[in-house]
Amino acid sequence: MTTDQSGKAGDGKAGHGKAESTGTADTGKADAGPEAGTADESADKGDAPTKGGDGADAAAEKAASADENTTGTAGDEPADPWSAFGPAPEPVLGRARRCVRAVGRFLVHEWTLAALAALALAAAMTWPTLRYPRHTLPQDYWDPSLQAWQMAWSGHILRTDPAMLWHANSFYPENWSFAFSDTLLGYAPAGLIGVGPEHAVLRYNIMFVLAHALAAFGAYVLARQLGAGRIGGAVAGASFAYAPWLLAQAGHLHILSNGGIPLALAMLARGHGWSLRYGYRPRRRHAGWAFAGWLVAAWQLSLGFGIGLPFAYMLAGTGLVAVVLWFVRRRRVKRPFGRRLFLADLFGGLVFAAVGAALAVPYFTVAELHPNAERTLGDIGLYSPPASGFFTAPAESRVWGGLHEGARAVLPWHPEMTLLPGFVLYALAAGGLFFSVWRIRHRIFLLAGVLVTMALAMGTRFFGGRFTYAPLFDYLPGWSGLRTPGRMMLWTTLLLGLLAAGAVTAFCMRVRELAAERVPPWPGPWLRLATLLPLALVLVEGLNATPQPVVPRQPAAMRTVDGPMLVLPSSQNLDQPVMLWSTDRFQPMVNGGSGFTPRSQAQIREATVSFPDYASVDYLRQIGVKNVVVLRDELAGTPWEGMLDRPVDTPGVTREQVGEAVVFRL
């Protein structure tokens with residue numbers, strides 16, 4: 001079996017030492033990932049010419065040559081005929097030409113092309129999200145409306161009063177309401193652009209597509225850094241971003257925003273000079289990449305603890321294991337660590353920990369103020385999928401959705417229990433256990449990770465979770481706040497993708513060997529297509545049939561009525577579009593949707609069922625509500641049905657028609 005060329009070392013001639021190139025082909029042997037395309041700084045150098053006696057001999061030869069020149073006549077050949085074949089001097093480039101050359105190198109660099117391909121693929125695989133990006137939302141308009149509001153609120157409050165970040169305009173009169181669910185705080189810079197519901201929907205759709213692109217790019221970079229070829233890395237990226245089970249999460253941007261996980265891991269591996277295929281190489285360490293990896297990890301954590309908390313614990317566990325291994329092997333490995341890398345890890349780890357601690361404070365405060373927000377193992381059991389969930393696709397899968405309708409019907413809560421990562425991915429990963437560029441022990445480690453994360457994803461369904469999920473729930477801070485264990489499938493998918501990347505890389509190497517035996521030695525069209533077949537099959541399984549409902553139009557009253565206000569009817573799903581409608585003015589309002597219902601909000605809903613009688617009006621006045629907006633078209637089938645037919649007998653209350661809504665001023 002042969003490998004691709006990974007650059008050549010110096011040829012040993014005097015004065016002609018060359019750096020080793022680490023650029024790789026599709027199945028390249030050199031390190032991939034962020035270090036691909038760079039040169040090894042420690043190439044061997046040729047012998048330099050010596051001085052002393054050799055210099056005297058050279059002077060004598062020069063004098064003899066000068067003697068010969070004096071005996072020649074005009075028109076004779078030069079004294080040194082070989083000088084005509086000497087290399088021309090390097091031209092001195094101006095600043096403009098240097099800039100053009102640098103831009104050209106950047107545009108054709110592997111990472112630039114990979115990023116552009118990831119963006120184009122994301123736009124195609126999430127279509128028709130960008131068909132009407134100002135008016136539709138993927139899957140439904142409930143949770144996406146909430147998350148569109150979150151990005152809008154974070155941008156608005158950073159412009160106006162950053163100190164009030166965690167005290168949002170929703171869930172009045174509660175404080176810390178921004179921490180009632182994952183915040184997507186890392187997207188706050190996007191929230192600085194645009195105002196109002198239409199811009200909020202557009203912003204959400206753009207970030208939805210970019211999240212898929214980053215997931216594919218991050219997993220590709222990680223696979224390349226670990227030693228996979230380009231096509232193997234593409235399979236890992238596509239399977240991670242477009243696994244069928246993720247189609248059920250189309251309404252949860254905080255779950256789809258996972259690309260920072262593999263990207264941070266790739267940067268940290270690059271910074272520490274480590275790859276799965278080639279092990280630890282001290283000369284390839286780079287403190288800057290390590291520090292950047294910690295920053296990306298901190299940004300990923302800021303998008304939410306739903307997937308960020310397991311990531312944080314994984315980093316902590318990996319760091320602990322790495323320190324132990326370094327301590328054990330420090331005498332056997334040349335330069336096992338360095339001062340710069342140590343400082344990068346120290347300060348980077350402190351930044352990551354500081355971000356995590358700062359974000360955790362509001363959530364612990366909410367847990368203390370609202371005991372009903374705390375989960376129990378019984379709650380976890382409601383969302384724990386059976387083993388059949390790993391082979392069941394969601395309804396949003398274009399390929400398997402209709403075929404698996406019966407299998408979904410027997411699942412208690414199929415939106416969180418359809419966990420199929422892809423039958424093609426299963427097959428490629430299974431093949432990677434026997435035919436791969438990874439070493440056997442690494443394949444075993446990857447398989448063990450797949451099995452462990454699958455057991456965690458089953459929650460309490462795996463032997464009651466006694467030895468898997470329950471200890472984490474009981475002893476790890478914050479773990480009890482994770483409601484849906486099935487989202488651990490994110491790690492299963494990543495590990496399966498790495499197993500598949502090893503198999504596809506080995507397959508591409510074999511194809512190159514067969515092509516080399518051909519005359520002429522170039523792969524034919526069928527051989528080229530064969531290497532792309534695994535990638536094409538993974539993408540086909542990721543095709544979506546996600547609905548794109550039109551977002552309800554903002555009532556005119558939401559643009560004019562001041563807060564504190566209450567919009568009726570009110571419920572978890574009905575309140576989420578109301579939050580989106582408030583992005584024009586962000587007036588305080590009782591309405592809000594999150595992972596739990598605060599007791600104050602439940603009491604207000606119960607007290608206003610009889611609105612506008614004296615008792616309900618008096619209660620609202622006591623808590624500070626000034627206006628009540630009633631959406632006439634939403635009343636049917638709710639506890640507030642018929643309220644507009646009741647007389648307004650309470651003193652001081654006025655009623656006004658504003659567009660399609662009725663406004664009661666208290």
Side-chain angles (χ1 to χ4, degrees), residues 4 22-28 30-38 99-131 133 138 186-187 189-190 193 202-226 228-243 246 253 256-267 270 289 292-293 296 299-300 494 497 501 504-505 508 528-529 531-540 542-544:
D4 324 6
T22 61
T24 63
D26 286 350
T27 57
D31 237 9
E35 66 180 281
T38 62
C99 291
V100 170
R101 179 174 292 187
V103 170
R105 285 197 300 264
F106 172 78
L107 292 177
V108 299
H109 196 279
E110 177 183 353
W111 306 129
T112 304
L113 297 177
L116 294 175
L119 288 170
L121 184 63
M125 293 295 290
T126 60
W127 189 261
T129 297
L130 295 181
R131 177 183 290 173
Y187 290 154
I193 305 172
L202 174 63
R203 183 187 305 116
Y204 179 92
N205 285 321
I206 292 175
M207 299 312 298
F208 180 82
V209 175
L210 291 179
H212 284 83
L214 182 60
F217 179 75
Y220 172 83
V221 171
L222 177 60
R224 292 285 284 139
Q225 168 62 33
L226 296 181
R230 289 187 176 91
I231 297 179
V235 169
S239 63
F240 183 70
Y242 305 107
L246 285 169
L253 185 58
L256 299 176
S257 300
N258 52 49
I261 293 176
L263 185 60
L265 294 177
M267 289 179 169
R270 169 65 179 91
W289 277 114
V296 172
W299 173 79
Q300 176 66 59
L494 182 59
V504 172
T505 301
C508 291
R528 291 178 183 273
L529 290 176
T531 59
L532 295 175
L533 184 60
L535 175 61
L537 292 176
V538 167
L539 290 176
V540 167
L543 293 176
N544 79 88

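- Contact detail for Gly232 and Ala501: the closest heavy-atom pair is O-CB, 3.3 Å.
- Of the inter-residue distances, the one linking Phe208 atom CZ with Leu256 atom CG reads 5.5 Å to the nearest 0.5 angstrom.
- Taken to the nearest 0.5 Å, the CG atom of Leu113 stands 9.0 Å off from the CZ atom of Arg230.
- The nearest pair of heavy atoms linking Ala266 to Gln225 is O-CG, 3.8 Å.
- Across all their heavy atoms, Leu222 and Pro262 have their closest contact at CB-O, 3.7 Å.
- The minimum heavy-atom distance between Leu214 and Gly260, with the atom names listed, is CD2-N, 4.1 Å.
- The aromatic rings of Trp111 and His109 are tilted relative to each other, their planes meeting at an angle between 30° and 60°.
- Looking at Thr531, its side chain never comes within 3.5 Å of a backbone N or O of Cys508 through a donor-acceptor pair.
- The heavy-atom pair separating Met267 from Gly293 by the smallest distance is CB-CA, 3.5 Å.
- Looking only at side-chain heavy atoms (C-beta outward), Val209 and Asn205 stay at 4.5 Å or farther from each other.
- A donor-acceptor contact shorter than 3.5 Å is absent between the side chain of Thr112 and the backbone of Leu107.
- Taken to the nearest 0.5 Å, the CE atom of Met125 stands 7.5 Å off from the CG atom of Asn544.
- Checked against side chain to side chain donor-acceptor pair (under 3.5 Å), Thr126 has no partners two or more places apart in sequence or in another chain.
- Nearest heavy-atom pair, Ala211 versus Tyr187, reported as atom, atom and distance to 0.1 Å: CB-OH, 4.1 Å.
- A distance of 13.5 Å separates CZ in Phe217 from CG in Leu121, rounded to the nearest 0.5 Å.
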